[in-house]
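Below is one structure, written out as structure tokens; the observations come after it.
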Amino acid sequence: MLLILNGPNLNRLGLREPGVYGSQTLEDLERQCEAWGAELGEAVTCRQSNYEGQLLEWIQEAQEQGFSGIVINPGALTHYSYALRDAISGQPLPVVEVHISNVDAREEFRHRSVTAAVCKGKISGLGFLGYRLGMEYLIEAEA
Ligand code: DQA
């Protein structure tokens, strides 16, 4: 069972900078991840929060809730949240970091991720497909 987490402002997908993030909504993304989960034979739970503390609590509780891995798009928290980094490194599940846009092709402040080093890996710039690739990795890693 995989946990798909989206952080701050990702509830604005479809409305927010469509030239960068596309015209599909968070609901489209979550339905797509569930469909991919069904295709890959893995249950998927999708959650989004604009609150750092809420994301930390979901990560802290993920193992005891029975999840086997986490795909996370931390939004801008990626670039500065040591609390998020510590929450990821302080729990045992494998985590894949995903960004819809190519953060390395954007502003300088987006080039730095404080969370990627405590994740298994980072996928950036591949749109929603990055979530599927993260899910596939986690399913493969489980086997
Ligand atoms: C993002 C990239 C971040 O820099 C930005 O703050 C986001 C979205 C992405 O998915 O491309 O909110 O994580």
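Note that ligands are numbered from 1 as they come in the structure, with each ligand's atoms numbered from 1 the same way.
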- prompt: Considering only protein heavy atoms, which is closest to atom 11 (O) of ligand 1, and at what distance to one decimal place?
  reply: Ser101 OG, 2.6 Å
Least distance between heavy atoms, Phe128 atom then Thr25 atom: CZ-O, 4.0 Å
message: Would Asn9 count as a contact residue for ligand 1, given that I'm defining contact as a non-hydrogen atom of the residue lying under 4.0 Å from a ligand atom?
response: no
- request: Would you mind telling me if ligand 1 is within reach of the side chain of Val98, the backbone, both or neither, using heavy atoms under 4.0 Å?
  value: neither
task: List the steps and the verdict of side-chain hydrogen bond (donor to acceptor under 3.5 Å, both in side chains) for Asn50 and Glu52.
output: CA-CA 7 Å; Asn50 290 326; Glu52 183 179 27; over 6 Å; no
message: In the structure I gave you, are the side-chain heavy atoms of Ile4 and Met135 within less than 4.5 Å of one another anywhere?
response: yes
field: Taking every non-hydrogen atom, the tightest pair across Gly7 and Leu55
entry: CA-CD1, 3.8 Å
- prompt: How far is atom 8 (C) of ligand 1 from its nearest protein heavy atom, and which residue and atom name does that atom have?
  reply: Tyr21 OH, 3.5 Å
task: Run the numbers for me: atoms of ligand 1, each under 4.0 Å from some heavy atom of His79, listed by number.
output: 3 (C), 4 (O)
query: Which distance, rounded to the nearest 0.5 Å, do you find between the CG of Leu56 and the CD1 of Ile88?
result: 9.0 Å
query: How close does the nearest protein non-hydrogen atom get to atom 1 (C) of ligand 1, and which residue and atom is it?
result: His99 ND1, 3.7 Å
task: With heavy atoms under 4.0 Å as the rule, classify the contact between Arg16 and ligand 1 as side chain, backbone, both or neither.
output: side chain
- request: Check whether any side-chain heavy atom of Ile59 sits under 4.5 Å from a side-chain heavy atom of Leu3, and report yes or no.
  value: no
- prompt: Can any side-chain N or O of Arg110 pair as donor or acceptor with the backbone N or O of Val103 at less than 3.5 Å?
  reply: no
query: Starting from atom 2 (C) of ligand 1, which protein heavy atom do you reach first, and at what distance in Å?
result: Val103 CG1, 3.7 Å
message: Please list, in number order, the atoms of ligand 1 under 4.0 Å from a heavy atom of Ile100.
response: 9 (C), 10 (O), 11 (O)
- prompt: What do we get for Arg110 next to ligand 1 when only non-hydrogen atoms under 4.0 Å count, side chain, backbone, both or neither?
  reply: side chain
- request: For ligand 1, note which part of Asn73 has a heavy atom under 4.0 Å away: side chain, backbone, both or neither.
  value: side chain
query: Is any side-chain heavy atom of Val71 less than 4.5 Å from a side-chain heavy atom of Tyr137?
result: no
